[in-house]
Amino acid sequence: MTGLELVDRDDDGVDRAFRADVLAGLSQDQKAIPARWFYDELGSELFEDITVQPEYYPTRAETEILDRCASEFADAIGAGQAVVEFGSGSSVKTPLLLRAIQPAAYVPLDISGDFLRAAAADLSAKFPGLPVHPVEADFMRRVELPAEIGALPKLGFFPGSTIGNMVAPTAVDLLRNMGQTLGTGSMLLIGMDLVKDAAILEAAYDDAAGVTAAFNLNLAHRVNGELGGTIPVDQLRHVARWNDDFARIEMHLEAQCDITFEVAGQPLTMVEGETIHTENSHKFTARSANMLLLCGGWTPLKRWTDTEDRFSLILAQS
Ligand code: AVI
């Protein structure tokens with residue numbers, strides 16, 4: 001998710017939005033950097049690696065649902081839909097859905113042209129007769145869909161529980177924008193990870209192989225590499241903790257001693273134990289998921305979970 005084509009860079013090639021987010025976030029009492037900045041090339045590779053770690057169950061659980069409940073998806077959704085995927089499809093999940101429901105067209109939507117073209121080519125090869133219309137756009141906003149799919153019924157597909165990485169107002173805005181993009185009467189199939197034992201959740205975000213730690217620390221390396229930062233990365237440690245009040249896993253980078261550094265010429269300090277908050281991953285109950293969807297203008301129709309009740313896929317209508 002490098003988003004090369006839509007990036008606004010200054011004369012030195014620095015991504016202006018990245019610098020603004022990092023400088024604003026590091027000047028707060030609780031230092032923070034938005035999670036969207038994890039996904040440079042290395043961060044995207046590390047994320048792919050996270051999804052196959054034994055402790056990280058969401059990808060396997062969601063894939064299991066798509067595989068096991070294929071005929072139920074077909075019954076609930078019906079054939080002939082234009083499937084609009086928010087974020088380019090991964091190699092496994094999207095084909096499972098497309099095979100299950102036999103759509104009339106597939107529209108991958110992503111801010112990164114590179115990811116988009118790769119996903120579109122991959123899907124075209126797997127489904128030779130299926131019209132594929134990639135759209136390069138920021139799916140957090142309302143998007144104009146290709147004219148070719150204008151007359152078709154629409155199914156939005158938003159797997160992975162990426163909605164969980166947003167605080168409630170942002171999630172509601174996104175759901176409302178998805179409704180506007182897809183139109184009244186359209187459907188949405190959305191992945192939402194479930195609340196469970198804190199130990200299972202914390203392990204999923206702090207795997208024994210250290211891949212999630214590397215993913216988190218890569219953000220500090222990225223700040224150093226792209227914003228002339230001098231963060232002593234080896235003095236930060238990855239922390240993943242369950243916040244029960246907000247039903248979310250939080251990832252932080254914690255200073256192991258007092259440190260001073262610069263970012264884009266700005267002097268900064270952290271005392272021992274102070275953290276940079278880098279990600280929220282909200283977990284849902286059936287009720288809280290329904291509530292969020294309703295706030296976003298979607299009526300839940302049906303819900304599937306994996307055999308161990310770890311993850312849910314919800315079908316909703318606008
Ligand atoms: C992309 N997103 C749904 C992942 C999650 O589980 O919240 C990101 C992630 N962060 C650490 N591990 C995975």
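One-based numbering, in listed order, for ligands and for the atoms of each.
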Legend entry - Identity and separation of the nearest protein heavy atom to atom 7 (O) of ligand 1: S281 OG, 2.7 Å

Legend entry - Geometric cation-pi criterion, R60 with Y57: 6.0 Å, 45°: no

Inset, instruction - Would you kindly specify which portion of F38 sits under 4.0 Å from ligand 1, judged on non-hydrogen atoms: side chain, backbone, both or neither? - result: neither

Inset, instruction - Determine, using heavy atoms of G160 and all atoms of ligand 1, whether some pair is separated by less than 4.0 Å. - result: yes

Legend entry - Protein contact of atom 8 (C) of ligand 1 - nearest heavy atom, named by residue and atom, plus distance: E279 OE2, 3.3 Å

Legend entry - Plane angle bin for H252 and H277 - parallel if under 30°, tilted between 30 and 60°, otherwise perpendicular: parallel

Legend entry - Short N or O distance, N165 and ligand 1, threshold 3.5 Å exclusive: yes

Legend entry - Row check, F18 ring normal vs R222 NZ/CZ: under 6.0 Å, within 45°: yes

Inset, instruction - Run the ring-centre check on Y205 versus W242 and record whether the distance is less than 6.0 Å. - result: no

Legend entry - Y57 contact mode with ligand 1 (heavy-atom cut-off under 4.0 Å): neither

Inset, instruction - Check each atom of ligand 1 against the heavy atoms of Y56 and keep those under 4.0 Å away; list them by number with element. - result: 4 (C), 5 (C), 6 (O), 12 (N), 13 (C)

Legend entry - Heavy-atom gap G164 to ligand 1 smaller than 4.0 Å: no

